[in-house]
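Structure first, then comments.
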Amino acid sequence: MSADFTPKSDFLRILSERGYIHQASDMAGIDAAALEGRLTTYVGYDCTAPSLHVGHLLSIMMLHWLQATGGRPITLMGGGTTRVGDPSGRDESRKILTIEQIDANKAEIRKTFDRFLRFGDGGTDATMVDNAEWLTKLNYIEMLRDVGRHFSVNRMLSMDSVRLRLERDQELSFLEFNYMILQSYDFVELNRRYGTILQMGGSDQWGNIVNGIDLGRRMGTPQLYALTCPLLTTASGAKMGKTAAGAVWLNPEMLSPYDYWQFWRNTEDADVARFLKLFTLLPMEEIARLAALGGAEINEAKKVLATEATALMHGREAGDAAAETARKTFVEGSLAADLPTITVPAGVLEAGLGVLTAFGPDHAKLVPSTSEARRQIKGGGLRVNDVQVTDEKAALSPSDLTADGVIKLSFGKKKHVLLRVG
């Protein structure tokens, strides 16, 4: 945002002071629309998995603040575009999902939005829309004539999502090449149906969003706007939301509230203030107080971040429970019963469950692969019942069960899973 622009609307003021804004097509125009109460805004989410991940949280939080300041949020589910696949930032085509898989993923993702947005029929209530409603009804010839004619192949080839794939000599299917046309058309259709004038998204979507604005101008919509948030990396340069065990999912069935809490607790010191602004609803004054903590006290700020972020995603009770579990585990040294738990058949343990398999993606999911488990063992990173694993060929057996009837698997000092026999 331009340093000489001071937003008058609460919406842009909050987004600006909390660090959400990366680029905008017309800051003054967005500000004026927000002040006039006509800022109907959408963000698109493809249904490629049964859960969104932490990388989606920035745009979800932007929709939350939009609604909190009088705007109307629209969550656009890509039931149609998921059948094509967004090529942005990828070296290979996405897996083509069945319609049944897409619908099942969409139903799960809706649960996440319910945590952050108020849905209903009121003027500022959120609406969930699926672009399959119009994309699946398009006639190909009419689409080419009415929409396709407004796109320059020369310009499409210059877009990062296409250009970078081609520069790396990676195949780009004609199906994916059409994605930006469909996303642009979504913007036009949402304007016609709901009066949507602003599209928000990550900075990697800037080209696609601007294409939508241009298509709207050519097809006679009112002025449309773009607003993007940064693609976050941690202070050390790592991609936000990626861990050794994989993506940080928002669905509690894919990542427990306790592990979600631990993800935020492990935030680097330099990121605490920034993440408190972006991923909690704490007042700026309280964030400033926490950000001023130094030395060992910064850990208290991290615990607040973890608890508030978990409460926002999974509910206050889950946030407080995760904090208490962590306190019992690390302060008291006790084995908290509500640590994440997996169950294996008695026969599996009696036959011997290899430690590489136990820690891997088919069981504890503490590491993404057996090769990573092997690497962590060499580095002293894995423990069974608080004893360091030194032999990658070791196997768990019933003799490893504690008096509580569990085996405690640990990755580092803060990630634990209890293995029980079912």
Side-chain angles (χ1 to χ4, degrees), residues 25 40-49 52 56 59 74-90 92-99 101-103 105-106 109 127-166 171-194 196-221 224-228:
S25 60
T40 298
T41 301
Y42 92 96
V43 178
Y45 302 90
D46 278 345
C47 314
T48 52
L52 300 177
H56 294 107
S59 63
I74 291 180
T75 58
L76 177 67
M77 305 310 297
T81 42
T82 302
R83 304 181 195 188
V84 174
D86 184 359
S88 300
R90 298 182 65 86
E92 57 186 23
S93 300
R94 293 184 188 272
K95 178 183 177 183
I96 299 296
L97 302 179
T98 67
I99 295 174
Q101 288 173 316
I102 292 172
D103 287 343
N105 290 345
K106 183 173 68 172
I109 292 171
T127 302
M128 177 176 278
V129 183
D130 188 338
N131 61 17
E133 292 178 22
W134 53 84
L135 293 182
T136 57
K137 297 179 176 63
L138 290 173
N139 176 287
Y140 187 62
I141 298 299
E142 291 179 357
M143 180 69 174
L144 288 177
R145 183 194 63 200
D146 298 338
V147 178
R149 66 189 178 92
H150 296 300
F151 284 82
S152 160
V153 171
N154 306 64
R155 188 180 181 197
M156 293 171 73
L157 289 171
S158 72
M159 294 294 171
D160 284 349
S161 59
V162 174
R163 179 179 57 80
L164 295 176
R165 178 84 74 87
L166 297 178
E171 182 176 297
L172 178 76
S173 72
F174 181 69
L175 190 68
E176 294 172 288
F177 188 56
N178 277 269
Y179 188 92
M180 69 177 72
I181 297 178
L182 299 181
Q183 183 172 332
S184 299
Y185 184 68
D186 283 344
F187 204 169
V188 173
E189 193 67 29
L190 285 168
N191 176 265
R192 290 171 173 173
R193 293 179 179 228
Y194 300 97
T196 307
I197 61 171
L198 172 64
Q199 182 183 355
M200 300 191 298
S203 58
D204 61 333
Q205 293 296 316
W206 177 256
N208 287 340
I209 298 174
V210 171
N211 267 339
I213 293 175
D214 184 60
L215 180 63
R217 179 179 60 80
R218 295 172 183 272
M219 296 187 71
T221 69
L224 305 178
Y225 303 97
L227 182 65
T228 62

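Values in this document were obtained by computation on a predicted structure and should not be read as measured data.
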When rounded to the nearest 0.5 Å, the distance separating CG of Asn208 from CD1 of Ile213 is 11.5 Å
Test side chain to side chain contact (heavy atoms under 4.5 Å, CB included) applied to Leu135 and Asp186, step by step: CA-CA 8 Å; Leu135 293 182; Asp186 283 344; 3.9 Å; yes
Nearest heavy-atom contact between Cys47 and Gly78 is SG-N, 4.0 Å
For this session: Report the C-alpha distance between Tyr185 and Asn131 in whole Å, list the side-chain angles of each, state the deciding distance to 0.1 Å, and finish with yes or no for side chain to side chain contact (heavy atoms under 4.5 Å, CB included).
Result: CA-CA 10 Å; Tyr185 184 68; Asn131 61 17; over 6 Å; no
For Ala132 and Gly79 the tightest heavy-atom approach is CB-C, 3.9 Å
Scanning both residues in full, the closest heavy-atom pair of Tyr45 with His56 reads CD2-CD2, 3.9 Å
Here the gap from Ile102 atom CD1 to Met77 atom CE, rounded to the nearest 0.5 Å, amounts to 10.5 Å
So CD1 of Ile74 and CE of Met128: to nearest 0.5 Å the spacing works out to 11.5 Å
Exercise. Do Met219 and Val147 pass the side chain to side chain contact (heavy atoms under 4.5 Å, CB included) test, and can you show the C-alpha distance, the side-chain angles, and the key distance before you say yes or no?
Worked result: CA-CA 8 Å; Met219 296 187 71; Val147 178; 4.1 Å; yes
(message) Could you walk me through whether Tyr225 and Thr41 satisfy the side chain to side chain contact (heavy atoms under 4.5 Å, CB included) test, starting with their C-alpha distance in whole Å, then the side-chain angles of each, then the deciding distance to 0.1 Å, before giving a yes or no?
(response) CA-CA 9 Å; Tyr225 303 97; Thr41 301; over 6 Å; no
In short, Phe187 meets Ile197 closest at the heavy-atom pair CZ-O, 3.7 Å
Taking every heavy atom of Ala226 against every heavy atom of Trp206, the minimum-distance pair comes out as CB-CZ3, 3.8 Å
Rounded to the nearest 0.5 Å, the CG atom of Asp214 sits from the CD1 atom of Ile209 at a distance of 14.0 Å
Between Tyr42 and the options Val129, Leu198, Leu190, the side chain to side chain contact (heavy atoms under 4.5 Å, CB included) test singles out Leu190
#### Entry: Contact check, side chains of Arg193 and Glu133, non-hydrogen atoms, under 4.5 Å
yes
Separation between CH2 (Trp134) and CG (Leu182), nearest 0.5 Å, reads 11.5 Å
- Check whether the side chains of Gln205 and Gln183 place a donor and an acceptor atom closer than 3.5 Å, and report yes or no. yes
Hits for side-chain hydrogen bond (donor to acceptor under 3.5 Å, both in side chains) against Thr221, two or more places apart or cross-chain, chain-then-number order -> none
Sorted by chain and number, sequence neighbours left out, side-chain hydrogen bond (donor to acceptor under 3.5 Å, both in side chains) with Asn105 holds for none
dist Ser59:OG -> Leu227:CG (nearest 0.5 Å) comes out at 11.0 Å
